[in-house]
Amino acid sequence: MNKFKTTALAAALVAASAPASSAVIATNADGWEISFGGTVNLFMNFYDNQGGTNEVHLQEGLLPAFATFKAKSPTVNGLTGTAQISFAPDSSNSKLRRQDKGGTAIDMREVFFNVEGSFGTFSVGRTLGIFSRQAILKDQTLFGVGAGGNGDGAGTTLGRIAHGYVYPAFDTRFSYKTPDMNGFQLEVGLYDPLEGDEGPIGGSINNWDTSIPRVEAEATYGTSFAGGSLNLWLGALWQESDNVYNAFAPSNSVDLTHWGVDGGIQVTFGGFEFVGHYTTGENLGQLFKIAAPVNGTNDTEEDHWYAQIGYTFMGTTKVAASYGESEQKDNGTTLNNNLWTVGVYHDVNSWLKLVAEYNNQESDQLGVTDADVFGVGAFIFW
Amino acid sequence: MTRYLLTFILLLVSTVFQVQARDWFPDLNIFGSSEDEGVVVWQAGQQYIKIVPKESKAEGKNDHPKTISVDKLRDVLGAIKLQEAGGIFSDETKESPFFASSDISTLASGLSRAFERAKPDEDIIFVVIGRHKGLLAKERKVIGGRAFIQDGKLNLIFGDVYRPEGGSIDQKKRNMAAGCGGCDDNDVRTNPYVVGSRNKEHTVKFVFADFDGLERPRSDWLVLDVDRMASIVEKERNKLPPALAREQARARKEAAELNLERRRLREEMARMRKEMKEMSGGNNSKNAGTKSVEERLSTLDQLKKKGLVSEKEYQRKRQEILNDL
């Protein structure tokens, strides 16, 4: 009996330490591998809203749940194909919607396929945007709460979006990525242009003339050295939008050039991690990467940045702190959002993560009040 | 204006840093280590076999260049087994191959070529990705190692052993959770596959099964007497139960006879085809005129009996021959 208990425990420990990467669940006769992975999270967030009501709200953090289906072909004549479809359901509701038992929505975020060979990777379809994606991927609040709104609403919190970088969003594109060239890689995507509809200048979506694809690009360099690693990235965005309706002067159209450049660094060394990211551009907005002026017809100017430092104990418990700002100048009006974050992120094992995070936000925009937000939550990965 | 200036400075700093960092931080190997160099013997994606300079503190000279046959290496690599617990309900241990079959084919062929080309002050490093047993199904796992021959023995030092293919688990989680399918899960630039080192032990927790000619001076280091192990494998291969050995001998004899019969048949068919061709040459053929109708009908009958012409062909040809009367 003792023997059984010991070996059963050993088997359980092996299972507990299994990697969280999605396992192959089926292989068909042609050699295609089908896998299914995903994640679900929920937080209990305590909001101390300055000048407003205090709230406790059970909701997701920055991330919704994810269910990811992936198919990978065998390599034939040097070509490997992958196709991926993932959707993002919510694990929580707005406080007004408790009668909706099924959650708020299922958001189809990724629908794309890749063709990969020695020449690089061509990708077709919709997935996370290229511009600004490194900022969100390196952000500690990706597995946390960040800026939280007022504590009543549905869906996810903001994380550091609009408080350090713009949202990369899920957009449709054709893209090409070079192979790894001694640590360097370049990816360029031609995107379906977004049409801004913010404020009086925007009017309806039908008032925008966008006849050239948006371009997003990213160059990265990654390497490792004794005890650590280095990541550098440099991204760019450009889109032309012609507004054929102008509330300020209806007879005149307004042409906008949306452009942005971002760059950043991530260094890890002996358990320490440092991340710095900076974005600058025009007509990007604070939240999304394409926006129109609200207070007139001149171009808006945006600057976003954040810095983050962390230390990981025993390879399982990360303690991190960060500060960031998003500032927009819109025809003489300056709007600033800033956010302090301190968090502890503990991996119980490879598939279970516990999080405790404190955030202090000051937000001039987005209807987000100044608030202290403390959240505790958990993620599961498979 | 300030904004354009800032953008320009960001671009300039980034470019200068990326170009100059190798010179600024040479000791950190930020922009490449000796493992990035070397002669590539074989490469497929992230898998490779390379000849590289020996590590700086490595003692002794290697016996390179050295010829070891692919078959011998295949036998020796296949003989490396792991010892595992029998399972929840069994006390018995069982053995399973350490390398996947694709790993063995790749390494046997690649290492054989590499040992022939390497110099005494060079090692061979490798990364192979094979399908190994996983929790639910087979999973692609990485074995990274260093190989060299010293004192007549094959040394294998391992770095990554059964590491899941691709980047770190945290990186994969972030890509999946953020919905960044466009990000590369197999990006190992900041978390590269590790080959073994003489100077630093990478603890390998697996238990290797005992084998005559195999020593394990360190948890990640195997020393293999190739000739001895290969001869044992050969003997094991030949050592079959008497009944099975008799059956195998009988099968071998039958196969040889079958091959002989096939060759005879092929020759016979070739001969008959030639005859058919000559016959089908009709009146224009020289030989057609030299054979009597009777001989031609007889040949045709033989072909029919042997099943080499169908009934329809037989009747048509027969009529043609009779028309020559």
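No experiment lies behind these values; they were computed from the predicted model shown. Quick note: numbers below take in every heavy atom, side chains included, and nothing from hydrogens, waters or symmetry partners. Protein chains get the first letters and strands the later ones, always in sequence-line order, with residue 1 at the start of each.
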Point to revise | side-chain contact (heavy atoms from CB on, under 4.5 Å) between A:Lys177 and B:Asp184, intermediate numbers included | key: CA-CA 10 Å; A:Lys177 181 157 64 179; B:Asp184 185 3; 3.8 Å; yes

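Proximity of a side-chain donor or acceptor of A:Thr127 to a complementary backbone N or O of B:Gly181 within less than 3.5 Å is detected. The main-chain N or O of A:Ser350 is found under 3.5 Å from a side-chain atom of B:Lys173 such that the two form a donor-acceptor pair.
Of the two parts of A:Glu116, neither the backbone nor the side chain holds a non-hydrogen atom closer than 4.5 Å to a non-hydrogen atom of chain B. Both the backbone and the side chain of A:Thr39 come within contact range of chain B, each with at least one heavy atom under 4.5 Å from a heavy atom of that chain. Contact annotation for B:Asp170: only side-chain heavy atoms (C-beta onward) come within less than 4.5 Å of a heavy atom of chain A. Heavy-atom distances place the side chain of A:Asp347, and not its backbone, under 4.5 Å from chain B. Of the atoms belonging to A:Phe379, not a single heavy atom falls under 4.5 Å from chain B.
In terms of heavy-atom proximity, A:Phe143 sits nearest to B:Ala177 at CE2-CB, 3.8 Å. Pairing each heavy atom of B:Thr190 with each of A:Asn231, the nearest pair is CG2-ND2, 3.4 Å. Minimum interatomic distance between A:Arg133 and B:Cys180 (heavy atoms only, all atoms of both residues): CD-SG, 4.0 Å. The minimum heavy-atom distance between B:Ala178 and A:Leu137, with the atom names listed, is CB-CD2, 3.8 Å.
By the 4.5 Å heavy-atom criterion applied to side chains, B:Arg131 and A:Glu33 are counted as neighbours. Annotation: side chain of B:Asp185 is in contact with side chain of A:Lys70 (closest heavy-atom distance under 4.5 Å).
The line from CG of B:Asn175 to CG of A:Leu128 is 9.5 Å long, rounded to the nearest 0.5 Å. A distance of 10.5 Å separates CE in B:Met176 from CD in A:Glu110, rounded to the nearest 0.5 Å.
Counting non-hydrogen atoms of neighbouring residues, nucleotides and ligands closer than 6.0 angstrom, the CG atom of B:Asp210 reaches no more than 12 such neighbours. The number of heavy atoms from other shown groups lying within 6.0 Å of CZ (A:Phe174) does not exceed 12.
Of the N and O atoms on the side chains of A:Thr220 and B:Arg189, at least one donor lies less than 3.5 Å from an acceptor on the other residue.
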